[in-house]
Protein chains: 2
Amino acid sequence: MKTTRNTTAKTAVLEIFEKSTTALSHTEIYKELHDVCDRVTIYRILDRLINDDIVHKISNLDGTVKYAKCNHSHQKVHIHNHAHFSCENCNEITCLENVKPSYIMPHNYKVNEINFTLSGICPKCLNSNI
Amino acid sequence: MKTTRNTTAKTAVLEIFEKSTTALSHTEIYKELHDVCDRVTIYRILDRLINDDIVHKISNLDGTVKYAKCNHSHQKVHIHNHAHFSCENCNEITCLENVKPSYIMPHNYKVNEINFTLSGICPKCLNSNI
DNA sequence: ATATATTTGCAACAATATTGCATTAATAAA
DNA sequence: TTTATTAATGCAATATTGTTGCAAATATAT
């Protein structure tokens, strides 16, 4: 198995995820790191982090792609089966760790992963709009 | 209210949706219509169809965007709150009209729309892989 | 048949993502 | 600590996806 190295850029990306309470787009990450590394490097770091199961990818209703750090406490196996909320006002995406949809599937489908994204207005915007 | 016209290109797009059992990307639609109309026209037709509530937009786990015809039988109001299935093998997206997730949201969120996409292996691929 | 407002094509542009390749740097081994 | 190995990076080029402005074409109402 190939090892994945701890580089300056990778550490910087992880720090940004640590600080952030919302999911981040490639562009948002690059804005903070434009003097640390190249645009392309960030794409490659994100790919690696996804592969290593440290970060997961979220695609918004409008087609924009964001990334968030997984916080699988200490489970061996984990599935990103929690929901995401996408605010139509501030465009922030937050993980709703505790929202887990229940559903009944037709037979003959093998489900590996689910993506449950809700959109609307987040509490922050709901309050400030009064 | 502005009227939306029935043009050759729009009719052609609708025919493609009619024929297809899966959701289609802009690229897939354009492949069939490259001698009927321009790339841009298809984007604009899709925009109109979404506005007219004839087509809905689905964004896949990998960030790709697809479109599918709504089959809201005869309801006055309808919400696209059904699930979609994205096959990891053939990459087709199908609407699971009858799969409707139930979930409990934290307070203070105003939910306007939901997107529930499951990925894995579809029945067709499951059978052919035996 | 004519008026008018929508739709289209084209060209240009913007944003996002990918690839090849030489160089740099992190890690393992000596 | 030094050296060897291979992952990671930077840069340039390219691909893909989506958007905009404007003149010309076309669908619809009158």
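So you know, we letter chains A, B, ... as the sequences are listed, proteins then strands, and number each from 1.
- D/dG18 atom C1' lies 14 Å from atom CD1 of B/I29, rounded to whole Å.
- Remark: C1' of C/dA17 and CG of B/N60 are 16 Å apart, rounded to the nearest angstrom.
- Comparing B/K57 and A/N6 against DNA chain D, the residue whose closest nucleotide sits nearer the 5' end is A/N6.
- With values rounded to the nearest 0.5 angstrom, A/K100 atom NZ is found 12.0 Å from A/S102 atom OG.
- The distance between atom OH of A/Y67 and atom C1' of C/dA17, rounded to the nearest whole Å, is 9 Å.
- Phosphate contact (OP1/OP2 of D/dT17, side-chain N/O of B/T27, threshold under 4.0 Å): present.
- Between A/T8 and C/dA25, a side-chain N or O to OP1/OP2 separation shorter than 4.0 Å is absent.
- A salt bridge is absent between B/E113 and B/K57; no separation between the charged side-chain nitrogens and carboxylate oxygens falls under 4.0 Å.
- Checking A/V40 against B/Y43, the closest nucleotide of DNA chain D that is more toward the 5' end is the one next to A/V40.
- Going from atom NZ of B/K10 over to atom C1' of D/dT28 covers 12 Å, rounded to whole Å.
- Contact annotation: B/T41 reaches the phosphate of C/dG9 (side-chain N/O to OP1 or OP2, under 4.0 Å).
- The distance between atom CG of B/D35 and atom P of C/dC10, rounded to the nearest whole Å, is 13 Å.
- With sequence neighbours excluded, the residues that form a ring pair (Phe, Tyr, Trp, His ring centres under 6.0 Å) with B/Y109 are A/F85.
- Between the CZ atom of B/R5 and the P atom of D/dA27 there is a distance of 9 Å, given to the nearest Å.
- Contact annotation: B/T7 side-chain N/O to C/dT8 OP1/OP2 distance is under 4.0 Å.
- Atom P of nucleotide C/dT8 and atom CD1 of B/I42 are separated by 10 Å, given to the nearest angstrom.
- OP1 or OP2 of C/dT7 has at least one side-chain nitrogen or oxygen of B/R48 nearer than 4.0 Å.
- Contacts of B/R44 with the nucleic acid, taken as non-hydrogen atoms under 4.0 Å apart, include base atoms.
- At the heavy-atom level, B/R39 lies under 4.0 Å from base atoms of the strands shown.
- In this structure B/T41 satisfies the side chain to side chain donor-acceptor pair (under 3.5 Å) test with no other residue, sequence neighbours excluded.
- If you measure from atom CG of A/D47 to atom P of C/dA17, you get 10 Å, rounded to the nearest angstrom.
- Under the 30°/60° scheme for interplanar angles, the aromatic rings of B/Y30 and B/H26 are found to lie parallel.
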